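Following: one structure in structure tokens, then a few remarks.
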Amino acid sequence: MIAKKMEAYVTGSSLIRAMFEESKKMALRFGAENVFDFSLGNPFFPPPPEVKAAIEKWLAQPDQVYVHGYMNNSGYPEVREKIATSLNRRFQTSFTQDNLVMTVGAAGGLNTILKVLVNPGEEIVAFAPYFGEYNNYAANVDAQMVIVPPAPPSFEPNLDAFEGLLTARTKAVIINSPNNPTGVVYGEDTLGKLADILRAKQREFGIDIYLISDEPYRELVYTGKKVPFVTNYYENAIVGYSYSKSLTCAGERIGYLAVPAATSDSERIVSAANVMTRTLGFVNAPSLMQLVIAECVDVNVDISNYRKNRDTLFHGLADIGYKCVEPEGAFYLFVESPLADDLAFCNKAKEFQLAIVPGRVFGCEGYFRLAYCTSHDKIVCSLPMFQALWDSCL
């Protein structure tokens with residue numbers, strides 16, 4: 001028999017992945033061209049050409065032991081230095097290579113840092129709607145997940161409710177901006193108020209509360225709105241970054257943790273993160289991809305494709321009657337369900353060859369999420385199906 005703890009994991013397995021698997025079954029039944037999969041944030045567009053060039057460059061190097069071998073647990077020093085230099089130039093920070101730990105994507109980074117920081121029974125706070133896998137990350141460290149209720153229709157962080165939910169057991173707060181699933185970007189005013197609340201609660205309880213910023217979508221912003229760099233607003237802030245979306249290489253699993261020197265106990269946090277990458281079985285982030293992203297540290301995917309998809313889908317759904325806040329970033333729409341039961345609505349959508357994700361996955365019932373990182377033709381062809389689905393709910 002599997003471990004009792006794993007029984008809960010299996011029972012509560014991600015509905016996002018479940019819908020993705022459903023789309024594969026529908027493709028076999030109806031043909032892939034007739035199925036509209038909006039379930040998974042899996043970019044359709046190819047990586048920037050610089051990524052392929054960097055891969056080819058490193059695979060042609062004579063010293064393949066260096067390219068494919070072990071390195072410091074934190075990652076190649078020269079890679080971390082390039083990333084630190086880029087961050088400092090773009091965000092007026094003061095990182096060195098010693099503040100960075102290369103990770104197996106943002107998910108690997110978040111699991112690593114939570115293992116480092118959180119004791120069993122302590123609390124991790126997140127703002128709904130939020131990426132549902134955070135629940136599993138909290139379970140990994142036997143922590144209590146505390147969810148701040150959503151504030152529709154804007155879906156800005158509900159700071160009034162947040163302040164009342166912080167306790168002496170609060171160890172970490174996770175934020176995600178641009179947000180999955182809403183596309184909302186948390187502005188400077190929001191981060192400033194959030195930081196003030198955290199500082200006051202640290203003084204009140206005599207504890208450290210760490211703000212962990214999960215940032216796979218930082219470069220995907222359409223409105224020109226600034227995505228503030230969180231370490232400039234709060235001292236005990238840690239950034240978990242992934243190149244999955246900015247370089248369109250989700251399956252390559254490469255990212256980093258940035259732990260500023262100003263963060264309480266920062267040196268021991270970095271040391272513990274190095275130990276934890278081994279303990280969790282990552283050992284180190286993929287060597288080839290570390291070297292590749294060092295070549296592409298200031299390269300980004302062309303977001304015009306995502307903007308075109310967003311505009312077509314947002315306006316197309318609005319014309320039908322669906323209600324949604326226009327996303328500022330990322331590549332998701334979070335749409336109000338015409339049925340109160342969002343899971344029932346998403347199951348009904350399968351009758352129209354639509355694979356979509358219920359809002360309850362993100363701690364927000366009555367909504368559904370669409371990942372529009374697919375082809376533009378798929379989006380255009382899906383709109384009649386969304387119309388038929390809407391009509392069936394009237």
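All values derive from a computational prediction rather than experimental measurement.
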> Are the aromatic ring centres of Tyr367 and Phe155 under 6.0 angstrom apart?
Replying inline: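 So the answer is yes for these two rings.
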
Do [Y] and [X] meet the salt-bridge criterion of a basic N to acidic O distance under 4.0 Å?
X      : Y      : value
Glu219 : Arg90  : yes
Glu326 : Arg310 : yes
Asp160 : Lys193 : no
Arg307 : Asp311 : no

> Taking only residues two or more places apart in sequence, or in another chain, which ones meet Tyr186 in a ring-ring contact (aromatic ring centres under 6.0 Å, His included)?
Replying inline: none

> Does Phe131 share a hydrophobic cluster with Val325, counting links as ILVMFWY side-chain heavy atoms below 4.5 Å and allowing steps through other members?
Replying inline: no

> Among the clusters formed by ILVMFWY side chains lying less than 4.5 Å apart, do Val104 and Val275 turn up in the same one?
Replying inline: no

> So which of Asn180, Asn179, Asn135, Asn176 actually passes side chain to side chain donor-acceptor pair (under 3.5 Å) with Tyr130?
Replying inline: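 Passing option: Asn135.
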
Please check this pair: side chain of [X] against backbone of [Y], looking for a donor-acceptor N/O pair closer than 3.5 Å.
X      : Y      : value
Arg80  : Gly75  : yes
Thr170 : Thr167 : yes
Gln290 : Tyr76  : yes
Thr85  : Glu81  : yes

What class does the angle between the rings of [X] and [Y] fall in, given that below 30° is parallel, 30 to 60° is tilted and above 60° is perpendicular?
X      : Y      : answer
Tyr222 : Tyr372 : tilted
Phe162 : Phe127 : tilted
Phe386 : Phe368 : parallel

Can you tell me if [X] and [Y] form a side-chain donor-acceptor pair at under 3.5 Å?
X      : Y      : answer
Asp302 : Ser304 : yes
Lys308 : Asn305 : no
Ser264 : Asn236 : no
Ser74  : Asn72  : no

Any side-chain heavy-atom pair of [X] and [Y] under 4.5 Å:
X      : Y      : value
Phe44  : Lys378 : no
Phe229 : Glu215 : yes
Pro149 : Leu165 : yes

> If every non-hydrogen atom of Tyr332 is compared with every non-hydrogen atom of Pro181, which pair is closest and at what distance?
Replying inline: CB-O, 3.3 Å

> Can you list the other members of the hydrophobic cluster that holds Val380, where links are side-chain heavy atoms under 4.5 angstrom apart?
Replying inline: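 Listed partners: none, Val380 stands alone.
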
> What pairs meet the salt bridge (Lys or Arg N to Asp or Glu O under 4.0 Å) rule with one or both residues in residues 45-60, with sequence neighbours excluded?
Replying inline: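 The answer is Lys57-Glu295.
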
> Do other residues, nucleotides or ligands put more than 12 heavy atoms under 6.0 Å from Arg268 CZ?
Replying inline: no

